[in-house]
*Asks:* 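First, the structure itself, so that you have it in front of you.
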Amino acid sequence: MQKLENFQIDDYLKMALKEDVTHEDVTTNAIYTSKKRASVELLSKDEGVIAGIDVFKRVFQLIDSDVEFEIYKEDGAEVKKGDLIAKVFGDVRTLLTGERTALNYMQRMSGVATYANKLVKALNDPKTQIVDTRKTTPNMRIFEKYAAKVGGAKNHRYNLSDAILLKDNHIAAAGSVFEAVNMARNYASFVTKIEVEVENLEMVSEAVDAGADIIMLDNMDVETIKKAIEIINGTAYIELSGNVSLENVDKYRGLGADFISSGSITHSAKILDLSMKNLKIEE
């Protein structure tokens, strides 16, 4: 499984560490005035899918490059309450100072991976891919989109520079679906995909006539989706969207859409409860 590269994430992790430590960890420094080697266990207190092992490790490495790890559960592994995920070895001051920041990232990422995994399983349709959206936590997109992939979902565009997605306000500004697609086609590179969001069957027909590469059927009921798919008739990829969640995703099973996008993967996922316990000072 592709890992997050250090050069992509270090700036974010340093910002998070600076947020937590402005000049010193006064609690830890009050107890430990000199280096002492220690170990601590990373445990699961919940059931779900692990994501963010490399991020967890990197937080400690940025504080002290001598920290060592024993990893028992890699990204994508399913865990249950009480499972040992990893052991961390190093200066006790490093372990205590980095604990909360490392856990914050891994709990959030594992929560996203867990929700994505549940959504994919609830849909249970190998012909339709669940994809995420840009409804991510500010400055957490690289972590949350990686976690969505770990959970079995796919990534939609990463940001506004990735691809063209003409939504309702873009279409209103252009005057029509056809004109919006035409303007996008004339502006974009020939390798850029053009997706258009449509809300009714008239807009579906217009998007087909305009030659859109991807047509997003937004907030349509199942019967309207079936009619829209007939109109598109294989001329474009089909994406379903609009308040898709664990509670309703199964109703889209077997319709023949290529993708179902859901912001709930990132905006509704709760953290996976993890904890660092059983700290031991080595004599």
Side-chain angles (χ1 to χ4, degrees), residues 1-46 48-77 79 81-114 136-151 271-283:
M1 183 168 293
Q2 185 178 1
K3 297 182 180 292
L4 289 172
E5 298 294 341
N6 291 344
F7 70 87
Q8 293 178 298
I9 67 173
D10 278 4
D11 287 346
Y12 295 112
L13 302 188
K14 289 176 183 178
M15 288 172 60
L17 285 168
K18 289 176 182 178
E19 179 181 56
D20 213 29
V21 186
T22 53
H23 58 282
E24 69 167 321
D25 177 353
V26 66
T27 308
T28 295
N29 290 347
I31 298 173
Y32 294 102
T33 58
S34 62
K35 183 175 182 178
K36 290 183 180 292
R37 184 171 172 83
S39 65
V40 68
E41 296 178 337
L42 174 62
L43 301 170
S44 176
K45 298 170 67 178
D46 208 345
V49 176
I50 288 298
I53 284 288
D54 284 348
V55 176
F56 176 85
K57 292 167 58 178
R58 188 62 179 162
V59 169
F60 293 105
Q61 290 168 343
L62 287 171
I63 301 172
D64 182 352
S65 60
D66 292 332
V67 178
E68 298 175 332
F69 304 88
E70 290 179 2
I71 305 300
Y72 302 100
K73 300 288 186 180
E74 296 287 353
D75 284 357
V79 295
K81 185 175 181 179
D83 279 356
L84 176 62
I85 300 168
K87 286 185 179 180
V88 190
F89 304 86
D91 185 349
V92 65
R93 297 170 298 179
T94 300
L95 305 189
L96 293 171
T97 298
E99 175 181 358
R100 176 43 53 200
T101 300
L103 282 174
N104 282 351
Y105 275 106
M106 193 164 178
Q107 288 184 140
R108 175 63 182 153
M109 293 176 70
S110 297
V112 170
T114 297
T136 53
T137 310
N139 291 328
M140 282 289 292
R141 183 168 297 173
I142 189 171
F143 305 101
E144 292 178 349
K145 279 188 169 282
Y146 169 79
K149 289 176 64 177
V150 170
I271 66 163
L272 189 71
D273 196 4
L274 309 173
S275 182
M276 289 175 62
K277 292 289 186 183
N278 305 322
L279 185 142
K280 296 179 180 178
I281 302 295
E282 297 184 3
E283 299 298 334

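Computed from heavy atoms alone, side chains included, the values below leave out hydrogens, waters and symmetry copies. Positions are given from 1 along the sequence.
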*Asks:* Out of curiosity, D20 CG to E99 CD, how far, rounded to the nearest 0.5 Å?
*Replies:*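 If I round to the nearest 0.5 Å, the distance is 10.5 Å.
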*Asks:* Tell me, with the steps shown, if L279 and L96 meet side chain to side chain contact (heavy atoms under 4.5 Å, CB included).
*Replies:* CA-CA 9 Å; L279 185 142; L96 293 171; 4.0 Å; yes
*Asks:* What I want to find out is whether R37 reaches E68 closely enough, with some N-O distance under 4.0 Å, to be called a salt bridge.
*Replies:*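 Yes, R37 and E68 are salt-bridged.
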*Asks:* Give me the atom names and distance for the closest heavy-atom approach of K87 to L84.
*Replies:*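 So the minimum-distance heavy-atom pair works out to CE-CD2, 4.1 Å.
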*Asks:* Output yes when a side-chain donor or acceptor of Q107 lies under 3.5 Å from a complementary backbone atom of L274, and no otherwise.
*Replies:*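 At least one qualifying donor-acceptor pair exists.
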*Asks:* Minimum heavy-atom separation for F60 to M276, with atom names?
*Replies:*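 Scanning both residues, the minimum pair turns out to be CZ-CE, 3.7 Å.
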*Asks:* Tell me whether the count of non-hydrogen atoms from other residues, nucleotides or ligands lying under 6.0 Å of CD in E19 goes above 12.
*Replies:*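 Incorrect, the count does not exceed 12.
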*Asks:* With M106 as reference, evaluate I85, V55, D54 under the side-chain contact (heavy atoms from CB on, under 4.5 Å) test and give the passing residue.
*Replies:*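 Single pass found, and it is I85.
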*Asks:* Could you give the distance from CG (L103) to OG (S110), rounded to the nearest 0.5 Å?
*Replies:*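 The distance works out to 10.0 Å.
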*Asks:* Starting at NZ of K280, measure out to CD of E41 and round the result to the nearest 0.5 Å.
*Replies:*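 The distance works out to 6.5 Å.
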*Asks:* Please give me the minimum heavy-atom distance between K277 and V40, naming the atom from each residue.
*Replies:*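 Of all heavy-atom pairs spanning K277 and V40, the closest is O-CG2, 3.3 Å.
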*Asks:* What's the spacing between T114 OG1 and L272 CG if we round to 0.5 Å?
*Replies:*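 Rounded to the nearest 0.5 Å, the OG1-CG separation comes out at 4.5 Å.
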*Asks:* Name all pairs fulfilling the ring-ring contact (aromatic ring centres under 6.0 Å, His included) condition that reach into residues 91-111, sequence neighbours left out, sorted by first residue then second.
*Replies:*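 Pairs touching residues 91-111 that pass the test: Y105-F143.
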*Asks:* If every non-hydrogen atom of L95 is compared with every non-hydrogen atom of F89, which pair is closest and at what distance?
*Replies:*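 Taking every non-hydrogen atom into account, CD2-C, 4.4 Å.
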*Asks:* Quick one: does S44's side chain have a donor or acceptor within less than 3.5 Å of a partner on G82's backbone?
*Replies:*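 A pair under 3.5 Å: no.
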*Asks:* Between atom CG of L62 and atom CG of N6, what is the distance when rounded to the nearest 0.5 Å?
*Replies:*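 CG of N6 is found 7.5 Å from CG of L62.
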*Asks:* Sub-3.5 Å donor-acceptor pair from the side chain of E144 to the main-chain atoms of T137, do we have one?
*Replies:*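 Checking the backbone N and O of T137 against the side chain of E144, a donor-acceptor pair under 3.5 Å is found.
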*Asks:* For I53, does its backbone N or O pair with a side-chain atom of D75 as donor and acceptor, under 3.5 Å?
*Replies:*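 Here the side-chain-to-backbone pair exists.
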*Asks:* Side-chain contact, heavy-atom cut-off 4.5 Å: Y32 with I281?
*Replies:*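 Yes; the side chains approach each other to less than 4.5 Å.
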*Asks:* Can you name the nearest heavy-atom pair linking I50 to V79, along with the distance?
*Replies:*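 For I50 and V79, the tightest heavy-atom pair comes out as CG1-CG1, 3.5 Å.
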*Asks:* With no hydrogens and no angle check, do the side chains of R100 and N104 hold a donor and an acceptor under 3.5 Å apart?
*Replies:*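 Side chains of R100 and N104: pair found under 3.5 Å.
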*Asks:* So which heavy atom on V59 is nearest to which on G98, and how close?
*Replies:*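 Where V59 meets G98 most closely, the heavy atoms are CG1-O, 3.9 Å.
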*Asks:* Could you grab the distance from atom CG of N139 to atom CE of M15, nearest 0.5 Å is fine?
*Replies:*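 Going from the CG atom of N139 to the CE atom of M15 covers 5.0 Å.
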*Asks:* Do V150 and M109 come close enough that some side-chain heavy atom pair is under 4.5 Å?
*Replies:*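 They are not in side-chain contact.
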*Asks:* Are F69 and Q61 close enough that some pair of their side-chain heavy atoms sits under 4.5 Å apart?
*Replies:*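 Heavy-atom side-chain distance check passes, below 4.5 Å.
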*Asks:* Yes or no on side chain to side chain contact (heavy atoms under 4.5 Å, CB included) for D25 and R93, after CA distance, side-chain angles and deciding distance?
*Replies:* CA-CA 9 Å; D25 177 353; R93 297 170 298 179; over 6 Å; no
